[in-house]
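Working notes, structure below.
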Amino acid sequence: MKSKPVDALSVVAGDLRSAAQHYQSWRSDGEKHILQKYHETVSWIAWNPGLFPRKFGSVQKAILKQSYYIVYFIQESKRSLVLAVLDGRRSPAEIREIVSIRRKNPG
């Protein structure tokens, strides 16, 4: 077990807004609900990022419990970096492209 802090790219805020909009369409507490699931998942990643499977090369994935959303992240030497939070029902090719672009251009 090797814990390390977790940071996220700035574009992840937009991913979370999209997820919140999805949940707010049928839950009055949709934003709070998805953010809670995201923070729980990030806590697990921080505790032991090695627990999560690799999806695209060195990119790992962590599913937000009881949702369709997946956190895609990479491990760096001193931190884990969240690249995206995406609906897992999207096309795998589309997800791979988004994650690849964000990994190459993290700014």
Side-chain angles (χ1 to χ4, degrees):
M1 175 170 48
K2 187 174 185 181
S3 63
K4 57 175 96 172
V6 178
D7 291 324
L9 296 178
S10 60
V11 295
V12 171
D15 294 346
L16 291 171
R17 279 192 298 276
S18 294
Q21 288 174 347
H22 169 80
Y23 274 88
Q24 283 179 316
S25 70
W26 55 276
R27 283 184 71 123
S28 60
D29 67 340
E31 181 175 11
K32 179 181 175 186
H33 176 77
I34 198 68
L35 290 177
Q36 178 182 347
K37 289 187 177 296
Y38 172 74
H39 292 299
E40 287 172 1
T41 303
V42 167
S43 293
W44 280 102
I45 293 169
W47 178 66
N48 189 354
L51 288 177
F52 299 93
R54 297 196 184 284
K55 181 65 178 172
F56 307 117
S58 62
V59 177
Q60 294 172 259
K61 72 175 189 173
I63 299 170
L64 300 184
K65 283 188 177 184
Q66 299 174 333
S67 84
Y68 294 112
Y69 287 85
I70 301 172
V71 175
Y72 294 93
F73 70 97
I74 57 172
Q75 289 189 55
E76 297 177 339
S77 60
K78 295 185 180 181
R79 68 178 182 168
S80 294
L81 180 64
V82 175
L83 302 172
V85 178
L86 302 172
D87 188 330
R89 297 172 294 178
R90 291 172 99 155
S91 141
E94 183 181 359
I95 292 171
R96 181 187 300 264
E97 182 178 358
I98 291 168
V99 170
S100 176
I101 289 169
R102 291 183 183 182
R103 185 163 184 222
K104 290 177 186 171
N105 303 309

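Every heavy atom of this structure was used, including side-chain atoms; hydrogens, water molecules and symmetry mates were not.
- Residues satisfying the side-chain contact (heavy atoms from CB on, under 4.5 Å) test with Glu31, not counting sequence neighbours, are Ala20, Gln24, Leu35.
- Of all the heavy atoms in Leu83 and Asp15, the pair that sits closest is O-OD2, 4.4 Å.
- Crowding of Ile63 atom CD1: a count of heavy atoms from other residues, nucleotides or ligands under 6.0 Å not exceeding 12.
- In terms of heavy atoms, Gly50 sits closest to Gln75 at N-NE2, 3.8 Å.
- In this view, Arg17 satisfies the salt bridge (charged side-chain N to carboxylate O under 4.0 Å, His left out) rule with no residue, not counting sequence neighbours.
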- Any chance you could lay out the side chain to side chain contact (heavy atoms under 4.5 Å, CB included) test for Arg103 and Val59, step after step, and finish with the verdict? CA-CA 9 Å; Arg103 185 163 184 222; Val59 177; 4.0 Å; yes

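- Atom CD in Glu40 sits 5.0 Å away from atom CD in Gln36 (nearest 0.5 Å).
- Taken to the nearest 0.5 Å, the OG atom of Ser80 stands 9.5 Å off from the CG atom of Asn48.
- Taking 4.5 Å as the limit, every side-chain heavy atom of Trp44 sits out of range of all side-chain heavy atoms of Pro49.
- For the pair Ser67 and His33, the minimum side-chain heavy-atom distance is 4.5 Å or more.
- Counting heavy atoms from C-beta outward, Phe73 and Ile45 have side chains that approach closer than 4.5 Å.
- Every side-chain contact (heavy atoms from CB on, under 4.5 Å) that Lys61 has, sequence neighbours left out, goes to Pro53, Lys55, Ile70, Tyr72.
- Taking each heavy atom of Phe56 and Pro92 in turn, the nearest pair found is CZ-O, 4.2 Å.
- Identified under the salt bridge (Lys or Arg N to Asp or Glu O under 4.0 Å) test for residues 88-101, with sequence neighbours left out: Asp87-Arg89, Arg90-Glu94.
- There is no path of hydrophobic side-chain contacts, each under 4.5 Å, that joins Ile101 to Val82.
- Residue Ile34 holds its CD1 atom at 9.0 Å from CZ of Arg27, rounded to the nearest 0.5 Å.
- A heavy-atom distance below 4.5 Å is found between the side chains of Arg102 and Val11.
- Residues satisfying the salt bridge (charged side-chain N to carboxylate O under 4.0 Å, His left out) test with Arg54, not counting sequence neighbours, are none.
- Between Val12 and Ala84 the shortest heavy-atom distance is CG2-N, 3.9 Å.
- Minimum heavy-atom separation, Tyr69 to Tyr23: CE1-CE1, 3.7 Å.
- The closest side-chain heavy-atom distance from Val85 to Thr41 is not below 4.5 Å.
- No salt bridge links Lys78 with Asp7; every basic N to acidic carboxylate O contact stays at or beyond 4.0 Å.
- Remark: Glu76 pairs with Arg79 by the salt bridge (charged side-chain N to carboxylate O under 4.0 Å, His left out) rule, at least two apart or across chains.
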